[in-house]
Structure formats: C-alpha cells, structure tokens
Amino acid sequence: MLKPRITIGTLLLATGLATSPHQADTLRLAIMGEPASLDPHKISGTWENDVVGDLFEGLVTEAADGERIPGVATSWDVTEDGKTYTFKLREDAKWSDGTPVTAEDFVFAFRRILDPATAASYAYLLYPVKNAEAVYDGDAAPGTLGIEALDATTLEISLERSTPYFLDQLAHYTAYPLPKHVVEEYGDDWSKPEHMVSNGAFALDDWQSQTRIEVSRNPYFHDADEVALDEVVYFPIEERNTALNRFRAGEIDIAREFPTQQFDWLKENLPEAVQVAPYLGIYYYALNTRDGHATADPRVRKALSLAVRREVITDKILGTGEEPAYSFVPPDVNHYNGPELDFADLSQQERLTRARELMQEAGYGPDNPLALRLRYNTSEDHRKVAIALAAMWKPLGVEVELYNSEVAVHYADIRQGDFDVARAGWIGDYNDAQNFLSLLESDVSNNYGAYENDDFDALMNEAASTQDMDARADLMAKAEGLALEDNATLPLYYYVSRNLVSPELNGWETNIEDIHRSRWVSFED
C-alpha cells in the first residue's frame with residue numbers, strides 16, 4: 001500500500017530551520033533506507049555504504065572530497081606489468097577491540113566474499129583478482145586466490161590482468177577487511193551489535209531495526225585524535241518528505257536526498273542547507289528478459305523506451321538539474337565516450353508512432369492490452385516517475401499495475417526476477433565505464449533483468465584484457481552499443497546528488513560520487 005503524501009502545507013510551518021537542543025559532537029544523519037545488514041559482504045546499497053563506510057576502512061579510503069588516499073595501507077608498490085600490488089599496512093591499525101588488523105584479515109575477507117556460500121551480490125567487483133571468478137564459480141580452491149599475507153603487515157595481491165581502476169575498487173566495501181577472530185567465533189552473527197568489531201573511525205553501539213543505528217568514535221582508529229565527532233546516529237527514513245520535516249525541526253543534521261517537489265522552496269528559504277551537485281549515477285528501469293515475461297520481446301522493450309518522455313520527467317516532475325538519459329553509462333566518465341539510443345534525435349511524435357508499430361508487431365494494442373507489473377521502492381519521487389511512465393505507456397495499450405516496497409525488499413524481489421519492469425539505480429563504485437556496463441554481463445547478480453548477449457560479454461572480456469586505454473574504451477563503447485540496440489534496460493536520467501546539510505557543519509564537500517565519511521565532519525565552534 002502506498003504511503004500518503006505529506007503536503008507542502010504540513011511542511012512549511014515556518015521559514016528556516018527550527019531550533020532545538022543539539023548534543024555536542026553527535027551527528028544525526030537521515031539515510032535513505034534500512035540496511036539489509038552491516039556485514040560488508042551482505043549489502044549493495046548507497047544507504048548501507050553511509051554506515052558501513054564509517055565503521056570500516058580498506059587498504060585505500062576516501063578523503064572529504066572523494067579522492068582516494070591511503071587507508072589501512074600506508075604505501076604500495078606495483079609491478080611494471082600492473083598485475084601485482086604489494087601493500088604495507090599501518091603498524092597501528094587495530095580493530096575496535098584493540099586486536100591488530102593484519103594482512104591475514106584481508107586474505108580472510110577476500111576469500112569469504114568470493115566463497116559461493118556467502119552469496120555476496122557484489123563479489124564480481126573483485127574478479128580482477130587472480131582466480132577470483134574461478135573461486136566464486138567453485139572451479140578453484142580458495143587458496144589459489146591471488147591474495148597472500150607475506151607477513152603481518154605486508155599484503156600481496158595478484159591480478160588476472162592490469163586493471164586501471166583497481167586502487168579505486170579497494171576503497172569499496174567489498175574490499176574491506178573483516179575481523180577473522182570474531183567471524184570465526186560467531187559466524188554470520190558477528191555483525192550484530194553485541195559482537196561486531198570494526199576498524200574504521202567509528203564502532204557500532206546499537207541498531208534498533210527501522211528506527212536508528214548508533215555508532216561512537218573508535219578509540220583504536222589510527223587517526224582517532226583527528227575525528228571530531230563522538231557519535232553518529234543514522235535514521236533510516238525512506239520518505240523524503242519525512243526526512244525534510246525532521247531536518248527543518250532540527251532533529252537531524254543531514255538528510256541524504258530531499259523531495260524534488262520542494263526544491264524551489266528550499267532554494268529560497270534554506271539556501272545554505274541545499275547541496276546539489278553532479279553525480280556519477282544512472283536512474284533506469286530494469287526490463288525482465290526472462291522467459292514468460294512480455295518484456296523478453298525486444299520489440300516491447302524498445303516500444304516502452306520510445307514512449308517515455310524523458311525531458312518531462314527531468315524538467316517537470318523532478319526539476320533539480322537531472323539530465324535525460326539516452327545511454328547507460330553517464331557522461332563525463334573517465335576516458336570514455338559512448339553511444340546513444342538510436343532514437344535520441346527523433347521527435348516525440350516520431351518515437352510514439354514507431355512505438356505503436358512495434359507493439360502491434362508484438363501483438364499488443366488497445367484491443368489487446370499488455371498488462372505489466374511495475375515495481376519501485378518507497379519514495380515519493382519514485383512513485384511520481386512510475387505513475388508518469390504508466391500514463392506515457394497507456395497510448396500503446398499498456399496497463400500497468402504498480403507495486404512498491406521498502407528498499408531492501410524491493411531489491412531482493414527484483415534480483416529474484418519477480419517483476420516485469422522495475423525501478424533501479426546505479427551509482428558508480430569507481431569512475432570507469434566498466435562499473436556500469438558490468439551490470440549487463442551474464443550471470444551478474446545486479447543484472448536484474450537477466451540480460452544475456454554473448455557478443456556483449458565477449459567485448460567486455462576483450463576490454464578487460466586490453467592495456468591500451470583508447471582501444472579499451474572503443475571495445476566498451478561497442479558493447480554498450482549492443483546493449484542499447486537490444487534495449488537491455490530503459491535509461492531515464494542521470495542523477496544529481498541532493499542533500500540537506502546543516503550550515504553548522506564543517507567538512508562536508510560535494511563530490512561526483514557523493515561519498516561523505518563522518519570522520520571528516522565537525523560542528524562549528
């Protein structure tokens with residue numbers, strides 16, 4: 001059941017932020033949903049990354065501006081062929097129980113995430129590591145994985161091939177270490193508050209499901225003296241209007257996203273709090289290509305894409321600077337210039353005419369309507385977009401039934417293929433076209449629509465083995481061209497990041513990946 005919309009009249013109770021007592025050095029942060037877990041191997045969302053990225057630190061980490069800097073590793077050497085990395089770990093790296101973080105903790109973590117029994121949806125991000133894919137597929141023993149602890153503070157990682165974005169990948173939560181001594185004692189229960197230890201700037205204190213997550217400064221963190229905050233409290237709030245209401249009431253300091261329909265009012269009344277910036281992400285609809293779904297027919301997929309008026313969505317429905325998407329890889333990705341959908345230059349009337357023709361060829365129309373199940377996760381903006389698309393498809397003889405659920409349930413359902421059309425979004429884990437196009441490779445868990453194209457896979461495999469950056473980009477552009485020709489997904493728009501940040505905060509810097517670690521944040525004196 002859809003949640004009722006909070007009208008603007010209920011929100012605009014005053015102009016400006018309400019004042020309320022604030023506990024010094026406690027950051028209150030509204031994240032976009034309830035985490036599925038705090039185990040880095042059991043998550044896949046940006047909202048989970050907000051918490052887990054405060055609890056843990058990888059070999060490489062993010063500065064306030066998103067740039068990659070040393071984390072647990074103080075330095076590293078790379079062989080001339082780019083295939084072997086040797087990391088020197090901090091002598092003072094410790095878990096929050098005081099136990100040293102060792103190279104073996106990284107070996108343990110990498111083997112665990114690539115163990116098929118772990119069922120980590122993001123395991124494929126580590127496929128550049130030697131034998132990683134074979135280990136995940138059960139074709140090689142865990143001991144053959146290309147990661148080795150040379151001693152307690154020296155770690156060697158061997159790759160299948162030179163990978164330009166590998167250091168960026170190591171900042172991602174898939175490459176975080178795990179406390180081997182705790183996981184071995186408690187199994188999957190290790191990440192519960194009563195057991196969890198972590199190596200980041202903060203340690204977990206409490207998690208009240210659907211209510212709040214509390215963490216406090218980790219005294220054993222190697223840079224603890226430079227962490228200003230004593231505590232961070234995360235509030236999982238999927239309804240953006242509710243988050244805005246609480247921000248205005250002074251109950252939270254940061255709202256991760258705000259409702260687009262309030263943008264003009266916010267710019268006028270809270271200009272110092274509004275943070276909007278370019279974002280490395282694509283908002284799209286997954287189209288189920290599995291047998292038994294009408295969207296398995298490429299004619300239906302193309303017709304649905306043709307009929308969508310993307311500019312109406314970005315300019316009229318959202319209106320916060322989003323750009324219409326006619327490709328899957330966002331613009332301005334490093335060293336890449338990809339193709340667009342072949343109808344990008346057609347008028348909307350030409351698109352609609354062709355869409356009707358395709359639907360008729362597929363056997364559908366007003367006299368034989370196509371019934372589609374459209375899933376989206378709870379959000380007023382997602383709901384508005386879904387309703388708009390249903391209206392845009394109606395002239396094609398498409399009848400849409402809408403289903404919404406909270407974010408963790410939504411993504412669990414669509415991974416199982418329980419949909420015809422489903423809202424999805426992807427934020428780059430690293431600034432490279434491969435991170436987006438890999439979502440369309442066969443047998444990748446985040447390939448929600450189960451798209452399969454042998455030629456696409458072959459091009460992506462060839463690109464992965466190509467050292468010349470220009471040739472590599474050309475191969476990926478050819479692969480994207482195939483996916484666009486197949487209408488593997490329905491791209492809608494390129495994201496901008498939208499945050500509300502209290503003017504009392506220092507250390508929050510906008511960046512293209514919208515990554516903000518709480519270790520850099522402080523309150524003005």
Side-chain angles (χ1 to χ4, degrees), residues 17 27-33 45-54 57 60-69 71 165 168 171-173 201 226-229 232 234-235 237 240 243-244 246-248 252-283 314 318-323 325 329-334 379 381 425-432 435-436 493-524:
L17 292 172
L27 179 68
R28 300 160 303 176
L29 176 64
I31 58 176
M32 294 184 293
T46 56
W47 65 98
E48 296 157 330
N49 187 20
D50 283 337
V51 185
V52 173
D54 280 348
E57 182 180 69
V60 177
T61 190
E62 304 93 353
D65 62 1
E67 290 298 312
R68 302 305 193 258
I69 60 174
Y165 48 84
D168 282 348
H172 193 263
Y173 50 75
E226 299 301 318
V227 177
L229 299 173
V232 183
Y234 312 87
F235 299 95
I237 304 175
R240 306 303 187 255
L244 170 57
R246 295 188 65 177
F247 181 84
R248 294 200 54 246
I252 57 177
D253 306 301
I254 297 172
R256 296 291 259 146
E257 282 206 2
F258 56 77
T260 57
Q261 68 270 23
Q262 312 294 359
F263 186 47
D264 290 340
W265 185 90
L266 287 166
K267 286 190 296 183
E268 181 178 351
N269 293 277
L270 300 176
E272 294 182 352
V274 176
Q275 301 281 348
V276 176
Y279 198 15
L280 188 66
I282 176 78
Y283 186 111
T314 58
L318 300 174
T320 50
E322 294 83 358
E323 290 291 330
V329 179
D332 300 324
V333 166
N334 285 344
S379 159
D381 286 341
W426 188 259
I427 307 303
D429 301 301
Y430 42 91
N431 194 342
D432 193 275
N435 187 232
F436 292 87
Y493 61 83
Y494 307 117
Y495 279 112
V496 292
S497 60
R498 305 191 306 266
N499 294 286
L500 292 176
V501 181
S502 170
E504 296 180 0
L505 293 179
N506 294 319
W508 174 284
E509 297 186 30
T510 59
N511 59 79
I512 195 171
E513 294 177 86
D514 199 29
I515 293 175
H516 306 276
R517 301 307 182 202
S518 298
R519 65 180 284 195
W520 308 115
V521 175
S522 63
F523 286 92
E524 292 184 352

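- A donor-acceptor contact closer than 3.5 angstrom links the side chains of Asp54 and Tyr234.
- With hydrogens and angles ignored, the 3.5 Å screen pairs no side-chain donor or acceptor of Gln262 with any backbone N or O of Pro259.
- Contact between Ser522 and Ala228 at its shortest, heavy atoms only, is CB-CB, 3.5 Å.
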Side chain to side chain contact (heavy atoms under 4.5 Å, CB included) assessment of Glu323 paired with Thr314:
CA-CA 6 Å; Glu323 290 291 330; Thr314 58; 5.9 Å; no
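- A 6.0 Å sphere centred on CD of Glu524 holds more than 12 heavy atoms belonging to other residues, nucleotides or ligands.
- Of all heavy-atom pairs spanning Val276 and Thr320, the tightest one is CG1-O, 3.8 Å.
- Just one of Glu57, Glu62, Glu226 meets the salt bridge (charged side-chain N to carboxylate O under 4.0 Å, His left out) condition when paired with Arg519; it is Glu57.
- When side chains are defined from C-beta on, Pro278 does not count as touching Asp332, because their heavy atoms never get closer than 4.5 Å.
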Test side chain to side chain contact (heavy atoms under 4.5 Å, CB included) on Leu500 and Val274 and set out the steps.
CA-CA 5 Å; Leu500 292 176; Val274 176; 4.0 Å; yes
Criterion side chain to side chain contact (heavy atoms under 4.5 Å, CB included) on Phe235 and Leu29, from CA distance to verdict
CA-CA 6 Å; Phe235 299 95; Leu29 176 64; over 6 Å; no
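- Of the charged side-chain nitrogens involved, none lies within less than 4.0 Å of a carboxylate oxygen, so that Asp381 and Arg240 do not count as a salt-bridged pair.
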Given the rule in the side chain to side chain contact (heavy atoms under 4.5 Å, CB included) test, do Phe523 and Leu505 qualify, once you have shown the distances and angles that lead to the verdict?
CA-CA 5 Å; Phe523 286 92; Leu505 293 179; 3.3 Å; yes
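- Side chain of Asn334 to backbone of Asp432: no donor-acceptor contact under 3.5 angstrom is found.
- Across Ile427 and Glu513, no two heavy atoms sit closer than the pair CG2-O, 4.3 Å.
- Of all non-hydrogen atoms in Gly71 and Thr61, the two that sit nearest each other are CA-CG2, 3.9 Å.
- Test Asp514, Val333, Asn511, Asn435 against Leu280 for side-chain contact (heavy atoms from CB on, under 4.5 Å) and you get one pass: Val333.
- The closest side-chain heavy-atom distance from Arg517 to Asn49 is below 4.5 Å.
- The aromatic rings of Tyr495 and Tyr283 stand perpendicular to each other, their planes meeting at an angle above 60°, with 30° marking the opposite boundary.
- The two residues Thr510 and Ala277 have their closest heavy-atom pair at CB-CB, 3.8 Å.
- The two residues Ile237 and Ala243 come nearest to each other via the heavy atoms CG2-N, 3.7 Å.
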